[in-house]
Amino acid sequence: MAKSYDVVVIGAGPGGMTAALYASRANLSVAMVDRGIYGGQMNNTAAIENYPGFKSIMGPDLAQQMYDSSVNFGAEYVYGSVESVEDKGEVKLVKTDSDELEAKVVIIATGSEYKKLGIPGEHEYGGKGVSYCAVCDGAFFRHKNVVVVGGGDSAIEEASYLAGIVDHVTVIHRRDQLRAQKVLQDRAFENDKIDFVWNSNVTEVLGDGKKVTAVKVVNNQTNETSELETSGVFIYVGLLPMTEPFANLKITNEDGWIKTNDQMETAVPGIYAIGDVRQKELRQITTAVGDGGIAGQQAFKYVEALSSKGQTEAAR
Ligand code: NAP
């Protein structure tokens, strides 16, 4: 039989953990389901400098502190990979790979995953030099040269992090301007261990069968092709929403991000979406936390409204 909760939060990143904190502190029974370690993308982030209260904190440390808060009022962490959510009106059925959970409210906080370049060699050399996580893999490249692909916050922040470990970092960006926040750009430009290859696309990861040895680079202005020797390729070319299990609910936009209003309500009553998985402008820990607080509070109101409706119907 499915275990019943007031609220099931899907995803234990900063948004999900905050929603679990707010809902459980309001005395609701809460399960927070995640298929991995709590913390989400924070676990892949070295120093976090834009979360108030901490001048700088390691991502995994902030994840641990948020987790401790999130379960402090009785929310349960449930390990599992959510495969589907069925809307049965006042009850939602959440199916994981090993369990079934019933809830009055579902809060989707599944976030996003790193986009792949989709070039030859990328998959083949995954774990053999190709990485999407500088914090996890940077130490393997001590005293070596690496390449970072992309020009957004992730690419530039992680390039600076890698420069503290490796001998040299080359950032390869498809335009002649970075998208990253100015503070991150300035830091990278000032770092003499980082240089930039502009207007260029990485078209192939090359290797000796066991490990990465170089990347093939094409200048998109001149069409000139070159090979750049490197031991590592860190790819940060954007994010894809993790919304596949919710396709049946028809709550996403054409790019797969979930549409909500300011109260984090989706088009389905009782189903909310928060954090990076939402259609939104600014994807940050702070904004995910804000979304989580709102959804946790809305969940309380929704459950209260359901129970007073039930009481009125019973009294008739
Ligand atoms: P992003 O902002 O979408 O940037 C992706 C970068 O990859 C862009 O520079 C883009 O180039 C480039 N790119 C995209 N597709 C490409 C392709 N096929 N080939 C080559 N280059 C490609 O992604 P992100 O940097 O991962 O950041 C995601 C979100 O997280 C953002 O909202 C960001 O602000 C946030 N974030 C914040 C922080 C922080 O506040 N410290 C840290 C990390 C991430 P163009 O510029 O030409 O489009």
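One-based numbering, in listed order, for ligands and for the atoms of each. Side-chain atoms are counted along with the backbone in the values below, which use heavy atoms only and exclude waters and symmetry mates.
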If the contact criterion is a heavy-atom separation under 4.0 Å, does H173 count as touching ligand 1? yes

What protein heavy atom sits nearest atom 37 (C) of ligand 1, and how far away is it? Q284 NE2, 3.1 Å

The side chain to side chain contact (heavy atoms under 4.5 Å, CB included) partner of I119 among N201, V149, V205 is V205

Does a sphere of radius 6.0 Å around CD in E244 hold more than 12 heavy atoms from other residues, nucleotides or ligands, not counting ones at 6.0 Å or beyond? no

Hey, is E265 close enough to K259 for a salt bridge, meaning N to O under 4.0 Å? no

Contact (N/O only, under 3.5 Å) between N201 and ligand 1: no

Which bit of N50 gets closer than 4.0 Å to ligand 1, counting heavy atoms only: side chain, backbone, both or neither? side chain

Heavy-atom nearest neighbour in the protein, as seen from atom 23 (O) of ligand 1, with distance rounded to 0.1 Å: G238 CA, 3.4 Å

When you measure from the centre of the six-membered ring of Y236, is the NZ or CZ of K115 closer than 6.0 Å and no more than 45° off the axis? no

Could you check whether K309 pairs with E90 (Lys NZ or Arg NE/NH1/NH2 to Asp/Glu carboxylate O, under 4.0 Å)? yes

Going by distance alone, is a donor N or O of one side chain under 3.5 Å from an acceptor N or O of the other, for E224 and N219? no

Heavy-atom count check: over 12 atoms from other residues, nucleotides or ligands less than 6.0 Å from E229 CD? no

Atoms of ligand 1, numbered as shown, that sit under 4.0 Å from any heavy atom of Y236: 6 (C), 7 (O)

Nearest to atom 24 (P) of ligand 1 by heavy atom, S200, G152, S112, S154: which? S154

Got the closest protein heavy atom to atom 2 (O) of ligand 1, with its distance? R179 CD, 3.6 Å

Numbered in order shown, the ligand 1 atoms found under 4.0 Å of a heavy atom of L117 are 17 (C), 18 (N), 19 (N)

As a test of understanding, state which of D276, V277, D153 forms a side chain to side chain contact (heavy atoms under 4.5 Å, CB included) with R283. D276

Ligand 1 atoms nearer than 4.0 angstrom to some heavy atom of R283 are 30 (O), 32 (O), 35 (C), 36 (N)

Could you walk me through whether I235 and Y114 pass the side chain to side chain contact (heavy atoms under 4.5 Å, CB included) test, one step at a time? CA-CA 8 Å; I235 298 171; Y114 287 117; over 6 Å; no

Test your reading of the structure: does G151 have an N or O sitting under 3.5 Å from an N or O of ligand 1? yes

Check L239 against ligand 1 and report side chain, backbone, both or neither, counting heavy atoms closer than 4.0 Å. side chain

Tell me the contacting part of T45 for ligand 1: side chain, backbone, both, or neither, using a 4.0 Å heavy-atom threshold, strictly below. neither

Do NZ/NE/NH1/NH2 and the carboxylate oxygens of D167 and K193 come within less than 4.0 Å? no

Shortest reach to atom 17 (C) of ligand 1 by a heavy atom, considering only R174, E49, K115: R174

Could you identify the single nearest non-hydrogen protein atom to atom 33 (C) of ligand 1 and state the distance to 0.1 Å? D153 OD2, 3.3 Å

Please determine if E281 has a nitrogen or oxygen closer than 3.5 Å to a nitrogen or oxygen of ligand 1. no

Positive for salt bridge (charged side-chain N to carboxylate O under 4.0 Å, His left out) with R187, one of E49, E157, E158: E49

R175: numbered ligand 1 atoms lying under 4.0 Å from its heavy atoms: 45 (P), 46 (O), 47 (O)

Considering non-hydrogen atoms of the protein only, which is the closest contact for atom 42 (C) of ligand 1, and what is the distance? E157 OE1, 3.3 Å

Find the distance between OG (S70) and OH (Y22) and round it off to the nearest 0.5 Å. 13.0 Å

Return the closest protein heavy atom for atom 14 (C) of ligand 1 as residue, atom name and distance. V237 O, 3.1 Å

Can you tell me which portion of Q181 lies within the under-4.0 Å heavy-atom range of ligand 1? Options are side chain, backbone, both, or neither. side chain

